[in-house]
Number of protein chains: 2
Amino acid sequence: MTSPPTRRKRATVHDVAVEAGVSRGTVSRVVNGERYVSAEAREAIEAAIEKVGYVPNTAARNLVMQRTQAVGFVVHEPHSLFVDDPNIGNILLGANEALSQADHQLVCLVVDSERDTDRITRYLSGGFVDGVIMVSARQNDPITRVIERLGLPATFVGHPPDLRELPFVGIDNRSASADITGELIGAGRRHIGMIAAALDRDSGSDRLAGFRDALGDRFDERLVVEVPLYSHQDGFAGTSELLRREPDIDGVFAASDAVAAGALEALRAAGRSVPEDVSVVGFDDSAWALRCHPPLTTVHQPAAAVGQRAAEVLLAQLRGETISPVGSFVPTSIVRRGSV
Amino acid sequence: MTSPPTRRKRATVHDVAVEAGVSRGTVSRVVNGERYVSAEAREAIEAAIEKVGYVPNTAARNLVMQRTQAVGFVVHEPHSLFVDDPNIGNILLGANEALSQADHQLVCLVVDSERDTDRITRYLSGGFVDGVIMVSARQNDPITRVIERLGLPATFVGHPPDLRELPFVGIDNRSASADITGELIGAGRRHIGMIAAALDRDSGSDRLAGFRDALGDRFDERLVVEVPLYSHQDGFAGTSELLRREPDIDGVFAASDAVAAGALEALRAAGRSVPEDVSVVGFDDSAWALRCHPPLTTVHQPAAAVGQRAAEVLLAQLRGETISPVGSFVPTSIVRRGSV
DNA sequence: TTGTAAGCGTTATCAT
DNA sequence: ATGATAACGCTTACAA
């Protein structure tokens, strides 16, 4: 004897049709703003809609139209990063903007556990979205596999190495890293270390590669400390380790600004001053960069523009266009502040 | 050899049924793991599913089942805040966790413009979700109106003043603010100002009310500077203004940690030292609190727990339970660091 | 245990 | 300009 939930029954086109004394077809035409409806019919129907409180059921519409006007934005990151990393938020906002223009709904899907992976997989397969923007896919990512299997239109932000021919947009992490390392070299630094993070992702490994490129012969792998995440905490730990290994370093390339912020703290704790004793550069030009003392010289990453471009590429696919080239790069730039 | 062509047509129950030589009903039973199917039928059907690559179309299932197993998480905030405020991310993660347990998909919807409002309104009306978790609704929010009109199950985080009987969860901003202000008083501060933000939201106005409560007779409205957002920038501007109005303040209650971080900078710029000359307290215990120099004494806000509770309350509604009381508070605590 | 058939709320294709 | 009617892909009584 439980009391029934107070869910009022939704009005349908049928109800509206009856109320207005017309057929369902005519109602549908009015709702979708088509031509060929008489003024009087339109009027009666609009009144009826108002009266019965009709709202179209999109699930039904989707079923027959075979599209949803929604696209998934899949964030596959550990908690801490989604919360910490302003880039993701900006990519999301840029994508939302472009999709919004095209009258598509962005739905953001957070993958946070194995369990989530399964559910999202079902969600994507279930016809809830017309396509997906995939942020920071892992190598051998089950979600990527599903996308391929379904032939679901998708654009990736970044390009995991095992991605076949799926379109992606990103920045050129490798050459940008070489450039920013050049700042260190240009400042006369000779013992340059790197705190390399997230090597399981293309961004992480490309940044390391760029660092290596810039150093050439002088590259010394003992000066590279690998840490798992682009986090403040890992930056601190990694830099402490670096100082232990090689106390006389005079330059540090941190794989992200958050990492650089941690590096700065570790250096301060070790009694080094920046930029007098050691120069530090980061990557991202996130809020961290300005918050640091001294503010960071870093790579400006136009996150919103990346999101926007990703959305545009996806929309093009939805229109049935073939994307070529599959990869599209948004240009970065160096911003010089006080840390070198 | 490989099948490169683009969008393959999706297999349906019908295709599986034909392939397996059974009826659609039986296929449906297997897919939904019901009893009463013979081992041989099950086997044939499973093989057929694999062969034709069948994935259920959830839109169709939703239509007939009248539910989606998805809930909307609506974030109604300006860009900057969604990106800056770690609380929202944690609320989202807490909610996702609870929903995930209950096998529901969280769909995050970002409202960022008038245009977005319209689209989200349609999305919510469209039967894409069974319910919604609404974060930081505005007073007289069009989305709130739609939720009420639809009778869509919803839980609010915080409670805008014009919310009727809809369930909400939150923290007791007012008494927590009184408590944290007490820290300033307890430290012997006599000229205490407040940087009050976001007064159009319950959190903002309640924090101001708590400040007033704690001060009682000594409350002086000239010491309150109102700023629009919980942002670092507004904290800086507001505090500069406060110093202009009343140069001899010795205590500041900033409406959030981000605001407090800005306050700290403004004080430093004005040559005041913290906590020697003036004590500062914040609210949220976000990442900002630890990042500041000195670290902030602040109110710890269990954001993830709030998200989790919000999800639980929503799930209860989905089960048809009646929520009472409508409001549910998650306890906060004070964390003392160096800024007092 | 399995098949049949009636919807679920729309849109789309016909005649009219 | 409008009204039947057939899909869309699925679940679910009810029959068999």
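All values below were derived from every heavy atom in this structure, side-chain atoms included, with hydrogens, water molecules and symmetry-related copies excluded. Proteins come first, then strands; the chains are lettered A, B, ... in the order of their sequence lines, and each starts at number 1.
In this structure, Ser125(B) contributes its side chain and Thr121(B) its backbone to a donor-acceptor pair below 3.5 Å. A donor-acceptor contact shorter than 3.5 Å is absent between the side chain of Thr58(B) and the backbone of Arg61(B). Between the Asp141(B) side chain and the Ile143(B) main chain, a donor and an acceptor come within less than 3.5 Å of each other. A side-chain donor-acceptor contact under 3.5 Å links Asp15(B) to the backbone of Thr12(B).
Within the 4.0 angstrom heavy-atom criterion, base atoms lie near Arg29(B). Among the atoms of the strands shown, base atoms are found under 4.0 Å from some heavy atom of Ser28(B). Across all strands, Val22(B) comes closer than 4.0 Å only to sugar-phosphate atoms, never to a base (heavy-atom distances). Within the 4.0 angstrom heavy-atom criterion, no nucleotide atom of any strand lies near Arg35(A).
Taking atom CD of Gln66(B) as the reference point, atom P of dC10(D) lies 16 Å away to the nearest angstrom. In this entry the distance linking CZ of Arg67(A) with P of dG9(D) reads 15 Å, nearest Å. Regarding Asn57(A), its CG atom lies at a distance of 18 Å from the P atom of dC8(D), rounded to whole Å. Atom CE in Met65(B) sits about 10 Å away from atom C1' in dT12(D), given to the nearest Å. Counting to the nearest Å, the C1' atom of dC10(D) and the CD atom of Glu34(B) are 12 Å from each other.
For Thr26(A), whose side chain is taken as the heavy atoms from C-beta onward, the closest listed nucleotide among dT11(D), dA7(D), dT2(D) is dT2(D). Candidate nucleotides dT2(D), dT12(D), dC10(D) were compared by shortest atom distance to the side chain of Tyr54(B), and dC10(D) ranks first.
For the pair Arg61(B) and Ser23(A), nearest-nucleotide mapping onto DNA chain D gives the more 5' position to Ser23(A). Both Val55(A) and Ala41(B) lie close to DNA chain C; mapped to their nearest nucleotides by heavy-atom distance, the more 5′-ward contact belongs to Ala41(B). The nearest heavy atom of DNA chain C to Arg24(B) and to Val31(A) marks one nucleotide each, and the one closer to the 5' end goes with Arg24(B).
In this model, the phosphate group of dC10(D) is not approached by any side-chain N or O of Asn62(B) to a distance below 4.0 Å at OP1 or OP2. OP1 and OP2 of dT12(D) both lie 4.0 Å or more from every side-chain N or O belonging to Tyr36(B).
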Which atom pairs, one a donor and one an acceptor, fall under 3.5 Å between side chains of residues 98-110 of chain A and the rest of the protein, sequence neighbours left out?
from, atom 1, to, atom 2, distance (Å)
Ser100(A), OG, Asp116(B), OD1, 2.9
Ser100(A), OG, Arg119(B), NH1, 2.9
Asp103(A), OD1, Arg122(B), NH2, 3.3
Asp103(A), OD2, Arg122(B), NH2, 3.2
Gln105(A), OE1, Arg119(B), NE, 3.2
Gln105(A), OE1, Arg119(B), NH2, 3.3

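Between Arg145(A) and Glu148(A), at least one side-chain nitrogen of the basic residue sits less than 4.0 Å from a carboxylate oxygen of the acidic one, meeting the salt-bridge criterion.
Residues Asp130(A) and Thr68(A) bring a donor and an acceptor atom of their side chains to less than 3.5 Å of each other.
Nucleotides of DNA chain C lying under 4.0 Å from heavy atoms of chain B occupy a range whose first and last members, 5' to 3', are dT1(C) to dG9(C).
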